[in-house]
Structure formats: C-alpha cells, structure tokens
Amino acid sequence: MYALVDCNNFYVSCERAFQPQLEGKPVVVLSNNDGCLISRSAEAKALGLKMGEPYFQVKPLVQQHAVRMFSSNYALYGDMSGRVMHYLSSVVPEVEIYSIDECFLDLHGMEPYLGPLAEQAAGWRHEVRRRTHIPVCIGIAPTKTLAKLANRLAKKSPTMEGVCYLDTDGRRQWALAQTPVEDVWGIGGQYAHKLYAQGIRTAAQLAGQSEAWARKQLGGVVGARLVRELQGTPCQGLQPSEDGTLSRKSIACTRTFGQPLSAFADVLGAVAHFASKAAEKLRRQGSAANVLTVFISKNRFGTEPPPHTRSVVLTLPTGTSDTIELLRHARAALKRIWEPGAVYRKAGVVLDGLETAGQQQLLLFEPNEQAERRAKLMADLDKVNQRFGAGKVKFATAQLPKGEYTAPWAGQHQWQTPAYTTCWEDLLCIRA
DNA sequence: TCTGGGGTCCTAGGACCC
DNA sequence: TCTGGGGTCCTAGGACCC
C-alpha cells in the first residue's frame, strides 16, 4: 500500500498559519511578479477563481469580494514544507517527497506494526495540523495512481474527514466510477480530449481498457503503466528522498521581468543573477553541471508571431559548479542570441547534465591548485551568504547598476508577507 | 499597462559505428 | 536491377506534473 499526503491549498495554508484571522475568508496567493493565481482557499474557489488565471483579468471580482491577496513567499513555504516532510519522515521508514506540498509514504507490510492504516493516517493528519497548522488529506491504495485518486476523494468528501483508504476491490471500483477521467494523475488536457472523443469519461472506463490500447493512445509505456496502475497493479515504486531533500536532474532559474528590457547591460545583469542562483542551488545539492542553457524571450502574448524565445545550449569543457566559470559562459551565450533593438520580457538559465561534484577532478593527474582554490572560494561565498543573508556577497556582473536600489528586471511583489521562520528580522512579534 | 516557475519522462529521428 | 542488422548517442518536441 502507498499513501499520498497532500497539503490543502498549501501556500494559502502557510499564510493562514501566521494570520489565523484569514480562516474562513477568500484568500489567494499570486505567482512571481504578482502575475497569476497559484493557490486559492476553498472560499476563493467558490467565487469561481481559477488556478493559473492572470490577476489583472479577475481584479474586479477579487475587489468586489474583498479577496485577500498575497505575493508568493517561497522562503516561508519551503521552510513549512520541510517541517511537514520532517514529521512524516519520522512515522514511516520510506518517504518520497514528490513536490513542495506532497509526499508518498511506503506502507507495504506496515499494518501489523502500525495497526489499522486508516486510523494511523487520521493520527498523522491530526499531528501535522497540530505541529504546523497545515491541513493535509491522505489517500491510501495499492498503487501510487490509485493513492492519488483516493486523495482527491478525501479532499472532496467532508464525511471522509481527510482520509480515504481504498482497501477492497469494491471500494476501488466505486472510486474509479466517481472520478472523471481528466482528474486521473497523468491525464492532462490533450489526453482528456482524445479520451472523450472515444467516449471514455470516467477513470473506471479508462481502467477497462487494455494495456496495448493504452500504449497506443496515451504516449507509449507511460500510458500502459497508467492503466495498469488504475487496475491495481503497482508499476511505480517509491523513490525515497534522502534525508528529506530532493536531488534534481536539472536546475533552472528563470524569471519574467518586472518591465520590458532592451538594454544588453540590463538583461546581462538578470542572466548573471539567474546563473549565480542556479550555481548556488547546484552546490547545495553537491552537483556539477556539464550543460548550460541561456534563453531570452519577447512578449509571447502580443501580435508578433513566434518564435518568441531564442536559446543557446553550451556543452561545458568540464563539469563545474563554479559561479565564475558559469558566469563567463552565460555571458558568451547571451551575446550569441542577443538581437539589438528587440524588447525582452523574460530570461533564464538552465543547468543540465548534472554529476556528483568532485568527479571531474579525479580525471586530473595532478592536483589542480587553482581549481581547489576556486572550490574553496565558492564554499566560503555560500557560507557568508548563508550567514548574513542571500546575495550579501555577489559578483559584479550580477550587481545592480550604480545608484539603483532595485534591479531593472525585478518583479512586483506588492503583498509579500515576512519570512517568519527563516529571517531574524521577520520573526513574528506578539505583544501582550 | 497587467499573463509564473520549476521539474519529469518518453518518443522519434538523425548521425554515426561495427 | 539487387543495397543488412544491429547498436549508441544526441536532440527536438510533446505531454504531463505541482
């Protein structure tokens, strides 16, 4: 058996944890640049506010109903996520952190030790709430896909009190019949459309198809696996996350600018900043990158025909996590795709071909003094920034223009709350 | 005026190799 | 006239996820 634990409206719940007066009110959290709605309270959903909708389009509705708005505060959400995951990691031996607000628990063979799983899950749910103020729902089933499906039902039906256990074949059939096919994990817009055209509208109907059919219709082995999992045969095991952290296969830092930019120096400043941030993430997970991609984009919503994005992919001479090295390549890459006179809205840096850091040095016959000094410099840089605040020490390329206090590319974050749990200055103050 | 960011996996097709 | 049968690696593009 697998359990899927999912935090309800996670970002909104994090804001509510520090502002209990928001309970029962419509609340939304906006994406970077205060662009789109990315988390909504139940009350906000009831008003018809949709996931991913641009804020400017729903502004009248939001104002009319006095919906409370928040800019995203990832320092807070990341820390709160860590607290939830840390607790869940302590109740079972194997946990896979699937995203910032979801994790799978491996419950195989656990029932004799834990007792009835539904009761256990209710206890975990209660304890997460008590420790973090974050509400979660738990779905339990024989496969990951069915656990996702169970989780959705736990969220929808108040009588389940946040836990849904598909422990019998009858319950599994009932759950499949309840679920629209587009709500199955792995069925997105394209596939849903295709399935409807063939008269398949529920998860039960999809589960009734053959593996060969699924392979042909739903993208090969992925589709075959999906249908088998709906039928109750596990095809995906747990990929345990080491000590509660995730190790990525690619690392990106990309942003839409707060305003359109057309000066090379401004865009270079942004690209340099993104490269520095990506390099920090890279070192944090102990990796080195072999491939660097830089892209710049124009307005993708305007009347101009695509392509709106130009990118360049560089294979680096050797795997590296050195900011200086990556900045040098990023600048060269940007020069190659830069069009004078164009107006840019967004840029990004992506690191791929990740390997364990240090491996590339084993190839050298003699210890490379310069490489060692550089590695030490990067480690010290990270230490200083960790202790005194992100960006306290940075490279000149990523520095602000003279006399500026905010970067020209910086976005809006009009409704940002304090980083209550990760910054001393932002510590919550309670007056008696 | 205003439209997010960060990931994963898979397939097909071309280049190249023996 | 007739033109094999594997492999591997790489890239681009598609689809999906939260």
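Proteins get letters first, then strands, A, B, ... in listed order; numbering begins at 1 in each.
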Query raised in the report: Should A:Arg225 and A:Glu211 count as an ion pair when the cut-off is N to O under 4.0 Å?
Result: no
Query - Proximity to the side chain of A:Asp101 - top-ranked nucleotide from B:dG4, B:dC2, C:dC18 - result: C:dC18
Requested in this report: For A:Leu354 and B:dG6, give me the distance from atom CG to atom P, rounded to whole Å.
Outcome: 15 Å
Report task. Describe the nucleic acid contact of A:Glu102 in one word from base, sugar-phosphate, nothing, applying a heavy-atom distance below 4.0 Å. Result -> sugar-phosphate
Query raised in the report: Does the distance from a Lys or Arg side-chain N to an Asp or Glu carboxylate O, for A:Glu182 and A:Lys194, drop under 4.0 Å?
Result: no
Query - Closest to the A:Val221 side chain, choosing from B:dC10, C:dC18, B:dG5 - result: B:dC10
Query raised in the report: Rounded to the nearest Å, what distance is computed from the CZ atom of residue A:Phe104 to the P atom of nucleotide C:dC18?
Result: 9 Å
Requested in this report: Please report the shortest heavy-atom distance between A:Gln416 and A:Ser72, naming the atom on each side.
Outcome: NE2-O, 2.9 Å
Report task. Ignoring the backbone of A:Trp185, work out which of C:dC17, B:dG7, B:dG4 is nearest its side chain. Result -> C:dC17
Report summary line: Closest of B:dG6, C:dC18, B:dG7 to the A:Ser99 side chain is C:dC18
Query raised in the report: Among B:dC10, B:dG7, B:dG4, which is the nearest nucleotide to the side chain of A:Ala252?
Result: B:dG7
Report summary line: Atom CD of A:Glu96 and atom C1' of B:dT8 are separated, to the nearest Å, by 11 Å
Report task. Provide, to the nearest angstrom, the distance between the NE2 atom belonging to A:His193 and the P atom belonging to C:dC16. Result -> 12 Å
Requested in this report: Tell me yes or no: between the side chains of A:Asp79 and A:Thr421, is some donor less than 3.5 Å from an acceptor?
Outcome: yes
Requested in this report: Validate the cation-pi geometry between A:Lys144 and A:Phe104: distance from NZ or CZ to the six-membered ring centre under 6.0 Å, angle to the ring axis within 45°.
Outcome: yes
Query raised in the report: With respect to the phosphate group of B:dC10, does any side-chain polar atom (N or O) of A:Arg225 fall under 4.0 Å of OP1 or OP2?
Result: yes
Report summary line: Comparing nearest nucleotides in DNA chain B, the 5'-proximal residue of the pair A:Pro260, A:Arg255 is A:Pro260
Query raised in the report: Can you find a side chain N or O atom of A:Ser72 that sits less than 4.0 Å from OP1 or OP2 on B:dG4?
Result: no
Requested in this report: Can you tell me, in whole Å, how much space there is between the C1' of B:dC17 and that of C:dG4?
Outcome: 14 Å
Query raised in the report: Between A:Trp338 and A:Phe264, what is the ring plane arrangement, given parallel below 30°, perpendicular above 60°, and tilted in between?
Result: perpendicular
**Report entry** Selected nucleotide, minimal atom distance to A:Cys36 side chain, candidates B:dT3, B:dC10, B:dT8
**Finding:** B:dT3
Query raised in the report: Are A:Tyr191 and C:dC16 stacked, counting the six-membered base ring, centres under 5.5 Å, planes under 30°?
Result: no
Report summary line: Out of C:dC18, B:dT3, B:dT11, minimum distance to the side chain of A:Pro54 belongs to B:dT3
Requested in this report: For A:Val291, report the nucleic acid contact type (base, sugar-phosphate, nothing); a contact means any heavy atom under 4.0 Å.
Outcome: nothing
Report task. Could you state the atom-to-atom distance from CG of A:Leu195 to P of C:dA15 in whole Å? Result -> 13 Å
Report task. Compare side-chain N and O positions of A:Lys346 against OP1 and OP2 of B:dG5 and report whether any pair is under 4.0 Å apart. Result -> yes
Requested in this report: Hey, can you tell me if A:Tyr11 and A:Tyr77 have their rings parallel, tilted or perpendicular (30° and 60° cut-offs)?
Outcome: parallel
Report task. Would you indicate what A:Asn33 reaches in the nucleic acid, counting non-hydrogen atoms under 4.0 angstrom: base, sugar-phosphate, or nothing? Result -> nothing
Report task. Can you tell me the distance, in whole Å, between the NE2 atom of A:His308 and the C1' atom of B:dT3? Result -> 13 Å
Query - Opposite nucleotide pairing with B:dC18, Watson-Crick or G-U, both atom distances under 3.5 Å - result: C:dG5
Query raised in the report: Contact class for A:Tyr55 (heavy atom, under 4.0 Å): base, sugar-phosphate, or nothing?
Result: nothing
Report task. Using whole Å, report how far NZ of A:Lys144 lies from P of C:dC18. Result -> 13 Å
Query raised in the report: What is the nucleic acid contact for A:Gly189, judged by heavy atoms within less than 4.0 Å: base, sugar-phosphate only, or nothing?
Result: sugar-phosphate
Query raised in the report: Counting any heavy atom closer than 4.0 Å, what does A:Ile251 reach on the DNA or RNA strands: base, sugar-phosphate only, or nothing?
Result: sugar-phosphate
Query raised in the report: Between A:His133 and A:Phe18, is the gap from one ring center to the other below 6.0 Å?
Result: no
Requested in this report: Under 4.0 Å between any heavy atoms, over every strand shown, what does A:Lys194 touch: base, sugar-phosphate, or nothing? Just pick one.
Outcome: nothing
Report task. Looking only at side-chain atoms of A:Lys281, point me to the closest of B:dG7, B:dG5, B:dT3. Result -> B:dG7
Query raised in the report: When you measure from the side chain of A:Ser31, which nucleotide among B:dG4, B:dG5, C:dA15 comes out closest?
Result: B:dG4
Query raised in the report: Which is true for A:Leu218 with a 4.0 Å heavy-atom rule: it touches a base, it touches only sugar-phosphate, or it touches nothing?
Result: nothing
**Report entry** Shortest side-chain distance from A:Lys249, nucleotide among B:dT8, B:dG4, C:dC17
**Finding:** B:dT8
Query raised in the report: What's the CZ-C1' distance between A:Phe257 and B:dT1, to the nearest Å?
Result: 18 Å
Query raised in the report: Using a cut-off of 4.0 Å on non-hydrogen atoms, how would the nucleic acid contact of A:Arg345 be classed: base, sugar-phosphate, or nothing?
Result: sugar-phosphate
Requested in this report: Please figure out whether A:Arg215 or A:Gly35 has its closest DNA chain B nucleotide nearer the 5' end.
Outcome: A:Gly35
